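Here the structure is a predicted model, which is why all the values come from computation and not from measurement.
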Amino acid sequence: IMKKYLFALSVFFIFIFSSCSKKDVINPYSAERKQLEKQIDQSNSNDNQINNTNIDFDLTKMSATMIYAEVFNMLIEPEKYENKRLKMKGLFTIYNEGTNDEVYSVIVPDATACCQQGIEFFYNFENRPASGSEIIVTGIFKIHQLSEENGITYNYINAESINLLN
């Protein structure tokens, strides 16, 4: 059963990271992504203080296996989580470190540490933690429609706070 699960997971990732034509390829550093970042910055400047009692999905209280499963569900059924406040613990990861196009994500391994799931988040750091640091991200899960005709969406966390654990 584990082989079937791993096969299904690998097919899922192949599907996510590949496309049929150049038109469908999503460049995360495109002008559209930069416009999305500007919109997020503007909305964050208007947000109020976080009320930690108003967390819709607190993944910090779950086991590693349950966190991994819940993050997988976020990728499969993002509509269930849209505009919900979530809190999750994982490893801080930076892609394109040292460039103007840095991308931040929180990565969650499963209980055996053989597999990982992650979600990108947007946050304006004053003092960014080192890649690989354990963090807790609190924010709103968002879905951005990239292509209405093809139904392509871009899921991310609009982070309200980042707490460094180590």
* Do the side chains of R85 and E160 get nearer than 4.5 Å, heavy atoms only? -> yes

* Should the ring pair Y81 and F57 be called parallel, tilted or perpendicular, given that the plane angle runs from 0 to 90° and is split at 30 and 60? -> tilted

* Look only at the side chain of N158 and the backbone of G139, and say whether a donor-acceptor pair between them is shorter than 3.5 Å. => no

* Asked: Just by distance, with hydrogens left out, do Y95 and E120 show a side-chain donor and acceptor under 3.5 Å apart?
  -> no

* Asked: Do the rings of F125 and Y123 sit parallel, tilted or perpendicular, given the 30° and 60° boundaries?
  -> perpendicular

* Could you list the residues that satisfy side-chain contact (heavy atoms from CB on, under 4.5 Å) with V71, not counting sequence neighbours? => L59, I67, M88, V108, Q117, I119

* Verdict with supporting geometry, I94 and R128, side-chain contact (heavy atoms from CB on, under 4.5 Å) -> CA-CA 10 Å; I94 307 168; R128 178 176 49 84; 2.5 Å; yes

* Structure fact -> With sequence neighbours left out, the residues meeting side-chain hydrogen bond (donor to acceptor under 3.5 Å, both in side chains) with D58 are T60

* Atom pair CG (N127) and CG (L164), whose distance is rounded to the nearest 0.5 Å -> 10.5 Å

* To do: Applying side-chain contact (heavy atoms from CB on, under 4.5 Å) between T93 and each of I135, V103, I107, report the one that passes.
  => I107

* Asked: Which value, rounded to the nearest 0.5 Å, describes the distance between K89 atom NZ and E134 atom CD?
  -> 5.0 Å

* To do: Hey, could you give me the OG/CG distance between S133 and N163, rounded to the nearest 0.5 Å?
  => 12.5 Å

* Asked: Any idea how F121 and F92 line up, ring-wise: parallel (<30°), tilted (30 to 60°), or perpendicular (>60°)?
  -> tilted

* Straight-line distance of N155 CG to E82 CD, nearest 0.5 Å -> 8.5 Å

* Should K84 and I140 be marked as a side-chain contact (heavy atoms from CB on, under 4.5 Å) after you check the CA-CA gap, both sets of side-chain angles, and the distance that decides it? -> CA-CA 5 Å; K84 302 290 185 186; I140 306 296; over 6 Å; no

* Can you check whether K87 reaches V137 side chain to side chain, under 4.5 Å on heavy atoms? -> no

* Asked: Do the two ring centres, one from F122 and one from Y104, sit under 6.0 Å apart?
  -> no

* Asked: Between N73 and K80, is any side-chain donor less than 3.5 angstrom from a side-chain acceptor?
  -> no

* Asked: Does the side chain of I55 come within less than 4.5 Å of T138's, by heavy atoms?
  -> yes

